[in-house]
Every structure is written in structure tokens, then in C-alpha cells.
2 protein chains.
Amino acid sequence: MPTDETPDIECAVFHLRKTTRTITQLYDEVLRPTGLRSTQYSILRIVSNLGPFTVNELGTTMGMDRTTVTRNVRLLERMGHLRIEPGDDRRTRRVRLSARGRSAVEKTQPYWEQAQAILVGGLGDKRWQKLRNELTAIVNVGRKELDKRADTR
Amino acid sequence: MPTDETPDIECAVFHLRKTTRTITQLYDEVLRPTGLRSTQYSILRIVSNLGPFTVNELGTTMGMDRTTVTRNVRLLERMGHLRIEPGDDRRTRRVRLSARGRSAVEKTQPYWEQAQAILVGGLGDKRWQKLRNELTAIVNVGRKELDKRADTR
DNA sequence: CTTTATTACGTGTATATACTCTCTTTATGC
DNA sequence: GCATAAAGAGAGTATATACACGTAATAAAG
């Protein structure tokens with residue numbers, strides 16, 4: 001059962017979820033030797049590039065529910081990749097990369113590049129850049145509506 | 001914390017997962033009165049439009065692992081939306097919509113249309129059509145690579 | 001300065017996801 | 001025909017995800 005064309009379905013969330021499932025499987029497969037899953041590497045990369053973060057900030061950056069961040073981050077802390085320190089305020093916690101986490105990101109980088117090369121290579125760099133922009137655009141559409149609905153409540 | 005721009009990150013799987021999280025939240029929010037989640041409605045819709053399916057076929061169509069199909073379908077069976085019958089072969093099972101499932105799809109349709117309208121309306125129909133095609137394209141890129149790797153093993 | 005609202009975060013629960021391993025059934029080789 | 005391979009599916013386990021609810025700390029109102 002090789003590559004089947006996705007049938008005539010308009011539903012946006014269906015296409016997005018199907019695509020994300022498939023591409024996550026690809027990245028997970030390529031990253032497998034590193035012991036990091038796609039989401040885990042994403043979190044470490046984001047924290048590495050833009051951190052440190054509070055739990056809330058990380059959630060906003062990743063479009064991820066706060067409580068999901070808590071659990072994902074806890075896992076990475078147990079693996080020794082992240083450190084979770086008290087924040088400025090006694091309510092907040094500061095999530096930052098550990099030395100081990102930094103090393104893991106470096107070691108994983110070439111595998112990530114390989115996966116990225118397969119995908120971007122298969123689509124073409126220009127098309128990927130455009131796609132990336134469109135993804136950002138619909139995130140903003142969705143985010144805006146969700147924020148609007150949250151305000152009403 | 002309103003709509004924040006996704007920072008300068010190239011990683012494809014990060015953008016896809018972030019987008020899918022956000023859009024799933026939107027659809028789930030709009031679908032909430034119906035009691036169906038995004039994935040559940042997607043499965044019912046697919047089975048309704050293209051079914052019946054074996055577990056494997058449904059997995060292929062949705063880019064979903066076979067074992068995930070088993071569990072998702074079981075849930076919908078317990079809700080009374082799907083029926084799971086023996087297939088042509090004593091190995092296979094046939095997944096089809098029940099009368100109740102058909103009714104649920106119909107009742108849910110206007111909510112789905114509302115969510116879809118928010119998204120497609122926010123992006124523009126032309127851009128959405130293009131985006132949809134690009135999503136299909138990268139699914140095929142990913143699928144092809146995954147199949148290649150599966151053959152080697 | 002006390003009451004009240006807001007902010008930041010965690011737990012309980014349920015769905016979504018996929019890999020590994022195993023079982024049963026069908027197809028293939030000889 | 002029988003041994004072996006392949007196909008279809010489920011169970012065990014682990015991660016990913018988010019909503020409802022609860023708690024502690026800070027900010028705002030008076």
C-alpha cells in the first residue's frame with residue numbers, strides 16, 4: 001500500500017493532522033539514534049535559541065497548553081536535559097537548558113538536518129519557505145479566534 | 001499574551017506540530033457542543049464518504065498507525081457511531097458507520113462548517129487551496145521516505 | 001490594609017499517537 | 001501437502017495533548 005493520494009476532503013484539521021502525523025513519524029525515525037523525539041528536540045531547540053522561559057511563555061511560543069508544557073518539560077528534566085529553577089516571582093518557574101541538554105542538542109543537530117533535508121529537498125526550498133509562512137498565517141488566524149473566544153468568557 | 005509571531009525557527013516538524021495544535025484547539029472548541037473531537041469527526045467523515053474500511057485501509061487513508069486506528073475506532077464504536085464487523089477474510093475487520101454515526105455526522109456538519117469558515121475565511125480560499133495542496137505534497141514526500149526505509153528492513 | 005481579582009502553575013482524567021511484541025490467518029515455495 | 005513467509009490485527013507501554021479544577025502568590029480596589 002504505497003503513497004496514496006489523500007482523497008477529496010476539504011477539512012483543514014484533517015489535512016493538518018494527517019500531515020503532522022506523517023512528518024512526525026519521519027523525524028522520529030531519523031532522530032531515533034539520538035534518543036530524542038520530535039517534540040523533545042523542538043523544546044530543547046526553542047529553549048536553547050530563545051530561552052530561558054517560564055512555563056507560560058514556552059507554551060505561548062509553542063502553541064502548546066500550559067499543562068502540556070509542564071509534563072513535557074518534566075520529562076526532559078528527568079532525562080537531565082532541562083533545569084527548572086525558581087523564577088523572579090514565587091509563582092513562576094524558569095526553564096533552562098542544562099549542560100547535558102546543550103550537548104544533546106548539538107549531537108542531535110546533524111540528524112535533524114538529515115530529516116529536514118529529506119523534507120525540504122523533496123519539496124524544494126522555495127515551496128517550503130512559502131508553506132512555512134502559510135502555516136504561521138493560519139496559526140495567527142486560529143490564535144486570534146481562540147483569544148477572542150477566551151475574552152468573552 | 002496575544003498572537004505572538006513564531007520566532008525564527010526553520011524546523012518543519014515544529015511548525016507543523018504548532019499549527020496542528022492550534023487549529024485542533026479551534027476545531028475542538030467549535031465542535032464542543034456536538035460532543036465530537038476533531039479526530040473523531042474526521043474519522044466519521046472519512047468512513048462516511050469513502051467507507052467502509054479495514055483497519056489498515058483507514059490507517060493508510062489517515063496517515064495513522066494501524067494500532068492508533070484500532071483504539072480510536074474502538075472509542076467511536078463504544079459511543080455507538082461505528083460498527084465493526086468481520087471482513088472478507090478472517091484476519092480483517094470492516095469498519096462502517098452506524099445509523100447513529102450517520103446522524104451524528106449530519107448534526108455536526110454545521111459546526112464543522114463554522115470552524116472551517118473561520119479558518120478559510122481568515123486566510124482566503126485561494127491561499128487555503130494552495131496550502132492544502134502543499135500539505136498533500138509533503139505528506140507524499142514523507143510517506144515515500146518512510147516506505148523506502150520500511151522496505152530496507 | 002484588607003478584600004477581591006488576576007496570574008502562574010500543578011493534578012486528575014481522557015483522548016491521540018506510535019512502537020514493539022505476539023497471535024491468528026492466509027499466501028508461497030518446493 | 002507442509003514448512004515458511006507474509007498479512008492483518010490487538011495488547012503492553014510510553015509520550016503528547018488539553019480541559020476542568022484546585023492552590024498559592026501577586027496585583028488591584030476600596
Side-chain angles (χ1 to χ4, degrees), chain A residues 1 13-14 16-18 20-29 31-32 35-43 53-60 62-79 84-95 146 149-151 153, chain B residues 1 13-14 16-18 20-29 31-32 35-43 53-60 62-79 84-95 146 149-151 153:
Chain A
M1 216 149 328
V13 81
F14 166 77
L16 280 167
R17 291 188 73 85
K18 171 170 179 174
T20 296
R21 268 180 227 117
T22 306
I23 302 309
T24 300
Q25 283 171 46
L26 174 61
Y27 276 72
D28 279 353
E29 166 73 19
L31 292 190
R32 180 180 292 249
L36 287 176
R37 311 269 299 270
S38 297
T39 302
Q40 295 167 352
Y41 180 67
S42 287
I43 291 175
F53 283 112
T54 67
V55 171
N56 262 330
E57 288 165 352
L58 188 50
T60 301
M62 302 203 61
M64 188 181 278
D65 189 88
R66 186 177 43 77
T67 65
T68 304
V69 173
T70 296
R71 293 170 217 262
N72 288 351
V73 151
R74 186 183 298 156
L75 204 61
L76 289 164
E77 189 200 20
R78 289 207 192 109
M79 295 182 197
I84 305 176
E85 308 162 347
D88 300 336
D89 185 310
R90 239 175 305 180
R91 292 173 295 184
T92 64
R93 303 191 183 289
R94 195 149 291 278
V95 179
L146 285 166
R149 283 163 180 259
D151 278 350
R153 229 173 306 144
Chain B
M1 217 146 330
V13 81
F14 165 78
L16 279 167
R17 290 188 71 86
K18 172 170 178 173
T20 296
R21 267 180 228 119
T22 306
I23 301 310
T24 299
Q25 281 170 49
L26 175 61
Y27 275 72
D28 280 354
E29 166 73 19
L31 292 189
R32 178 180 294 247
L36 287 177
R37 312 269 298 269
S38 297
T39 302
Q40 295 167 352
Y41 180 67
S42 288
I43 291 176
F53 283 112
T54 68
V55 172
N56 262 329
E57 288 166 353
L58 188 50
T60 301
M62 301 202 64
M64 188 182 279
D65 188 87
R66 187 174 43 76
T67 65
T68 304
V69 173
T70 295
R71 293 171 215 261
N72 288 351
V73 151
R74 185 183 299 156
L75 204 62
L76 289 165
E77 188 199 19
R78 289 209 192 107
M79 295 182 196
I84 305 177
E85 309 163 346
D88 301 335
D89 186 309
R90 239 175 303 180
R91 289 174 297 184
T92 64
R93 306 196 178 285
R94 194 149 290 279
V95 179
L146 286 166
R149 283 163 179 260
D151 280 349
R153 231 175 308 144

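The shown structure was predicted, so the numbers you read here are calculated from the model rather than taken from an experiment. Reckoned from all heavy atoms, side chains included, excluding hydrogens, waters and symmetry mates. Order of the sequence lines fixes the chain letters, A, B, ..., with proteins taken first and strands second; residue numbering starts at 1 for each chain.
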J.: Which of these nucleotides, D/dG10, C/dT11, C/dT26, is closest to any side-chain atom of B/V55?
T.: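 The answer is D/dG10, which lies nearest to the side chain.
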J.: From the options D/dG10, D/dT26, C/dT25, select the nucleotide whose nearest atom is closest to the side chain of B/T70.
T.: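 Selected nucleotide: D/dG10.
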J.: Look at all strands and tell whether A/T24 reaches a base, only sugar-phosphate, or nothing, counting heavy atoms closer than 4.0 Å.
T.: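 No contact.
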J.: Does OP1 or OP2 of C/dT15 have a side-chain N or O of B/N72 closer than 4.0 Å?
T.: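 For C/dT15, OP1/OP2 do not have a side-chain N/O of B/N72 under 4.0 Å.
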J.: Kindly indicate whether the side chain of B/T39 and the base of C/dA16 share any N or O donor-acceptor pair separated by less than 3.5 Å?
T.: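 Counting by modelled atom types and ignoring angles, no donor-acceptor contact under 3.5 Å is found here.
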J.: Roughly how many Å is it from CG in B/L58 to C1' in D/dG8, rounded to a whole number?
T.: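 B/L58 atom CG is separated from D/dG8 atom C1' by 14 Å.
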J.: Think B/Q40 has a side-chain N or O under 4.0 angstrom from the OP1 or OP2 of C/dT15?
T.: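 No.
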J.: Let me spell it out: for each of A/I84 and A/R17, pick the nucleotide of DNA chain C with the closest heavy atom. Which residue's pick is nearer the 5' end?
T.: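 The 5'-side residue here is A/I84.
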J.: Indicate yes or no: at least one non-hydrogen side-chain atom of B/Q40 is less than 4.5 angstrom from one of B/L31.
T.: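 Side chain of B/Q40 against side chain of B/L31, heavy atoms only: no contact under 4.5 Å found.
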J.: Do A/R91 and C/dT7 share a donor-acceptor pair, side chain to base, under 3.5 Å?
T.: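 Side chain to base: pair found, below 3.5 Å.
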J.: For B/K18 and D/dA18, give me the distance from atom NZ to atom P, rounded to whole Å.
T.: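 Checked: the NZ to P distance equals 12 Å.
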J.: Distance check needed: D/dG8 P versus B/D65 CG, whole Å only.
T.: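 Rounded to whole Å, this separation is 14 Å.
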J.: Between P on D/dA25 and CG on A/D88, what's the gap in Å once rounded to a whole number?
T.: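 That distance rounds to 16 Å.
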J.: Could you state the CG-P distance from A/L146 to D/dC19, rounded to the nearest angstrom?
T.: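 Nearest whole value for this atom pair: 8 Å.
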J.: Between B/I43 and A/R32, which has a closest nucleotide on DNA chain C that is more 5'?
T.: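 Between the two, 5'-proximity favours B/I43.
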J.: For the side-chain contact (heavy atoms from CB on, under 4.5 Å) test, which of B/V73, B/T67, B/N72 pairs with B/V69?
T.: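 By the side-chain contact (heavy atoms from CB on, under 4.5 Å) criterion, B/V69 pairs with just one of B/V73, B/T67, B/N72: B/V73.
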J.: Please answer whether the main-chain N or O of B/M62 pairs with a side-chain N or O of A/R21 as donor and acceptor at a distance below 3.5 Å.
T.: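 Flag set: sc A/R21 to bb B/M62 pair under 3.5 Å.
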J.: What nucleic acid atoms does B/T67 come within less than 4.0 Å of, heavy atoms only: base, sugar-phosphate, or nothing?
T.: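 Base contact - B/T67 has a heavy atom under 4.0 Å of at least one base atom.
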J.: Output the single nucleotide from D/dT15, C/dC19, D/dA18 whose closest atom is nearest the side chain of A/L75.
T.: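 The answer is D/dT15, which lies nearest to the side chain.
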J.: Give A/T92 one of three labels, base, sugar-phosphate or nothing, depending on what nucleic acid heavy atoms sit under 4.0 Å from its own.
T.: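 Here A/T92 touches the backbone only, sparing every base.
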J.: Please name the pair of heavy atoms, one in B/L146 and one in A/L26, separated by the smallest distance, quoted to 0.1 Å.
T.: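 Nearest heavy atoms, B/L146 then A/L26: CD2-CA, 3.9 Å.
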J.: Looking across every strand, which nucleic acid part, if any, lies under 4.0 Å from A/R71 by heavy atom: base, sugar-phosphate, or nothing?
T.: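 Counting heavy atoms under 4.0 Å across all strands, the contact made by A/R71 includes a base.
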J.: Side chain of A/R66, heavy atoms from C-beta onward: which of C/dT25, C/dG10, C/dA16 has the nearest atom to it?
T.: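 Between C/dT25, C/dG10, C/dA16, the one nearest the side chain of A/R66 would be C/dG10.
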J.: In whole Å, I'd like the distance from the CG atom of B/L16 to the P atom of C/dT17.
T.: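 Atom-to-atom, B/L16 to C/dT17, this comes out as 14 Å.
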J.: What is the separation between atom CG on A/L76 and atom P on D/dT17, rounded to the nearest whole Å?
T.: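 In whole Å, D/dT17 P and A/L76 CG are 11 Å from each other.
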J.: Specify the residue among A/M79 and B/D28 whose closest nucleotide of DNA chain D lies further upstream toward the 5′ end.
T.: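 So the residue in question is A/M79.
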J.: I need the minimum non-hydrogen distance between A/S42 and B/V13, along with the two atoms involved.
T.: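 Nearest pair, atom of A/S42 first, then B/V13: OG-CG1, 4.2 Å.
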J.: Can you tell me if B/R78 touches the phosphate of C/dA14, counting only side-chain N or O atoms and a distance under 4.0 Å to OP1 or OP2?
T.: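 For C/dA14, neither OP1 nor OP2 has a side-chain N or O of B/R78 closer than 4.0 Å.
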J.: Hey, does A/D88 have a side-chain heavy atom less than 4.5 Å from the side chain of A/R94?
T.: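 In contact.
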J.: Between D/dA9 atom P and B/F53 atom CZ, what is the distance in whole Å?
T.: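 Going from CZ in B/F53 over to P in D/dA9 covers 13 Å.
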J.: Closest approach to the side chain of A/R37, judged atom by atom: which nucleotide of D/dA16, C/dA16, D/dA20 is it?
T.: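 Nearest to the side chain of A/R37 among the choices is D/dA16.
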J.: With respect to the side chain of B/M64, which nucleotide from D/dT26, C/dA18, D/dA7 is positioned closest?
T.: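 Selected nucleotide (nearest to the side chain): C/dA18.
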